[in-house]
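Notes follow once the structure below has been shown.
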Amino acid sequence: MNKPNLCIALGRMVDPALGLDAVGELYLAEGRVCAVRAEGLSLGALPEGAVERIEVPGALVLPGLIDLHVHFRDPGLTYKEDMESGCAAAAAGGFTTVCMMPNVKPVTDTAEAVAALRRRASGINALPVGAITMGQKGTACTNAAALKAAGACALSEDGRSVADASVMRTAMAAAAEAGIPIFDHTEEDTLAGTAAGEACMAARDLILARETGAALHLCHISAKLSLDMIRAAKAAGYEVTAETAPHYFVFDQTRATEGNFKMNPPLRTAEDVLSVIEALQDGTLDAIATDHAPHSAEEKECGYAKALNGVIGLETAFPVSYTALVRAGHIPLSRLVALMSANPAAILGDPLRGTLSVGAHADVAVFDVAHPYHIAPASFRSKGRNTPFAGMEVYGKTRLTIAEGQIVYQDT
Ligand SMILES: [Zn+2]
């Protein structure tokens, strides 16, 4: 497709990787960042030929957001979401790269399945995650090297843990050999849903990763017990990264009374919420992911006990995080950009994303943080409406999303 030369002008460009926080102009050509201009700063060369100028005075101009954890329900459960609606929701939320968990039907456990999903990405960079075991049954390991060669960005058993420690050790050794990270759902089955269950499995897998050399990334961490463990492991030199999701730093368990507040791990105590915020501040947590998990209305609006686990998040993650963390004074804006873009890019081992550096992919997200608005699920691109954030007043509406130099979302 023909990609126009673009200039995003008058916005506040923030890129922690570049140490950039300045009002200026960002030039994009041939799917790449080609120049950055601000007072006292001149990087790269201006594009040749005509340039389409898009003025965004007062808005934030950030590297496209990267979500390490989404469920697009495709193939097999496309009444909840599909590749197209999932990618459209991502673009509407300022995300230009997402990692799609393998718990679809059939499970993404072969090179063919990975390659087929990879080809179907629509507009944005949608990366398949391969399963750790065949059919996510917890016994026979998938072929880590073949999944990676087909385009898998990570291996995960998300939705459950690999209960058998020896199977997990074998899988981690193969993943280390293949050079592919493990995105780890940490839940000890006999303590399912509890903070202790999350922390016990995190501890087991920290040990196995240390022994095998696997690159371990811990998914949707919600409990102080786990964060204490991760903090100690990092201090001891363990190579581990971890993510949380916006609902874990906004809501505590007192809100867990209706379906749209039900997810796994569940909402926890007020003390856990504070500890998640502290871990976002001190670097114990490396990333904010959404765990975007669409369900139909029937599956969620049936009371807390009966509702399926999971909430959507792609179209609310930035405004909710910006409002609850940056505007609330918990972290600076540059830290939020690191948590939602630069750090996830590093976890994926992709130095050409998560930054506005010259030569990087032209992945850009532009947000209006000057005007508050109310989250309105009816406007979502996602097929899902199962958000706990409906009606919340937030700052950070997406104005424009550009993926590899193409405009994939524009607020009208
Ligand atoms: Zn999970």
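The figures that follow rest on heavy atoms only: side chains count, while hydrogens, waters and symmetry mates do not.
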Inter-residue atom distance [X].[atom1] - [Y].[atom2], 0.5 Å rounding:
X: T78; Y: M83; atom1: OG1; atom2: CE; value: 11.5 Å
X: I312; Y: R385; atom1: CD1; atom2: CZ; value: 7.0 Å
X: S222; Y: H247; atom1: OG; atom2: NE2; value: 8.5 Å
X: K383; Y: K80; atom1: NZ; atom2: NZ; value: 11.5 Å
X: D158; Y: N103; atom1: CG; atom2: CG; value: 6.0 Å
X: F72; Y: C99; atom1: CZ; atom2: SG; value: 10.0 Å

Task: R12 vs D21, salt bridge (Lys or Arg N to Asp or Glu O under 4.0 Å): CA-CA, chis, key distance, verdict - done: CA-CA 7 Å; R12 176 182 169 197; D21 186 346; 2.8 Å; yes
Validation row: [X], [Y] side chains within 4.5 angstrom (heavy atoms):
X: M168; Y: R204; result: yes
X: L339; Y: I331; result: yes
X: E278; Y: R231; result: yes
X: E81; Y: D74; result: no
X: Y322; Y: V394; result: no
X: P128; Y: P102; result: no
X: D252; Y: R268; result: no
X: T139; Y: V167; result: no

Between [X] and [Y], is any side-chain donor less than 3.5 angstrom from a side-chain acceptor?
X: T241; Y: H217; value: yes
X: S166; Y: D164; value: yes
X: H71; Y: D291; value: yes
X: Q253; Y: T269; value: no
X: N264; Y: E187; value: yes
X: T133; Y: E157; value: yes
X: S296; Y: E299; value: yes
X: S226; Y: E198; value: yes
X: D109; Y: T142; value: no
X: H220; Y: E243; value: no

Open item on the list: Could you go through D184 and T186, starting from their C-alpha distance and side-chain angles, then the distance that decides it, and tell me whether this counts as side chain to side chain donor-acceptor pair (under 3.5 Å)?
Closed with: CA-CA 6 Å; D184 198 17; T186 60; 5.9 Å; no
TODO: State which residues pass salt bridge (Lys or Arg N to Asp or Glu O under 4.0 Å) with K397; sequence neighbours excluded, sorted by chain then number.
DONE: D411
Under the 3.5 angstrom rule, does the side chain of [X] hit a backbone N or O of [Y] as a donor-acceptor pair?
X: K148; Y: I180; result: no
X: K300; Y: G310; result: yes
X: S161; Y: H185; result: yes
X: R32; Y: A360; result: no
X: S341; Y: A338; result: no
X: E315; Y: S382; result: yes
X: R353; Y: P344; result: no
X: T398; Y: A92; result: yes
X: T323; Y: V320; result: no
X: K105; Y: L77; result: no

TODO: Check the pair L400, I8 against side-chain contact (heavy atoms from CB on, under 4.5 Å), reporting the backbone distance first and the verdict last.
DONE: CA-CA 10 Å; L400 179 67; I8 313 303; 4.0 Å; yes
More than 12 heavy atoms from other groups under 6.0 Å of [atom1] on [X]:
X: E393; atom1: CD; answer: yes
X: R169; atom1: CZ; answer: no
X: E177; atom1: CD; answer: no
X: E188; atom1: CD; answer: yes
X: E239; atom1: CD; answer: no

- [ ] Inspect the contact between K3 and E30 and indicate whether a charged nitrogen and a carboxylate oxygen are less than 4.0 angstrom apart.
- [x] no
- [ ] Determine, for D189 against R160, whether the closest basic-nitrogen to carboxylate-oxygen distance falls under 4.0 angstrom.
- [x] no
Task: side-chain contact (heavy atoms from CB on, under 4.5 Å) assessment of T401 paired with F95 - done: CA-CA 8 Å; T401 307; F95 289 91; over 6 Å; no
- [ ] Would you please indicate if the ring centroids of F318 and F367 are separated by under 6.0 Å?
- [x] yes
Open item on the list: For a side-chain contact (heavy atoms from CB on, under 4.5 Å) check, start with the C-alpha distance between V276 and L227, then their side-chain angles and the critical distance, and finish with the verdict.
Closed with: CA-CA 8 Å; V276 167; L227 293 165; 3.9 Å; yes
Open item on the list: Distance to the ring centre below 6.0 angstrom and angle to the axis at most 45 degrees; does that hold for R327 and Y395?
Closed with: yes
If every non-hydrogen atom of [X] is compared with every non-hydrogen atom of [Y], which pair is closest and at what distance?
X: V114; Y: A152; answer: CG1-N, 3.4 Å
X: A293; Y: N386; answer: O-ND2, 2.9 Å
X: A317; Y: T290; answer: CB-CG2, 3.6 Å
X: L147; Y: L155; answer: CD1-CD2, 3.6 Å
X: G354; Y: I66; answer: N-CD1, 4.0 Å
X: V240; Y: D286; answer: O-OD2, 4.2 Å

Task: D272/Y248 under side-chain contact (heavy atoms from CB on, under 4.5 Å): CA gap, chis, key distance, verdict - done: CA-CA 8 Å; D272 289 308; Y248 300 120; over 6 Å; no
Task: Listed once per pair and sorted, the ring-ring contact (aromatic ring centres under 6.0 Å, His included) pairs that draw on residues 261-309, sequence neighbours left out - done: F251-F261
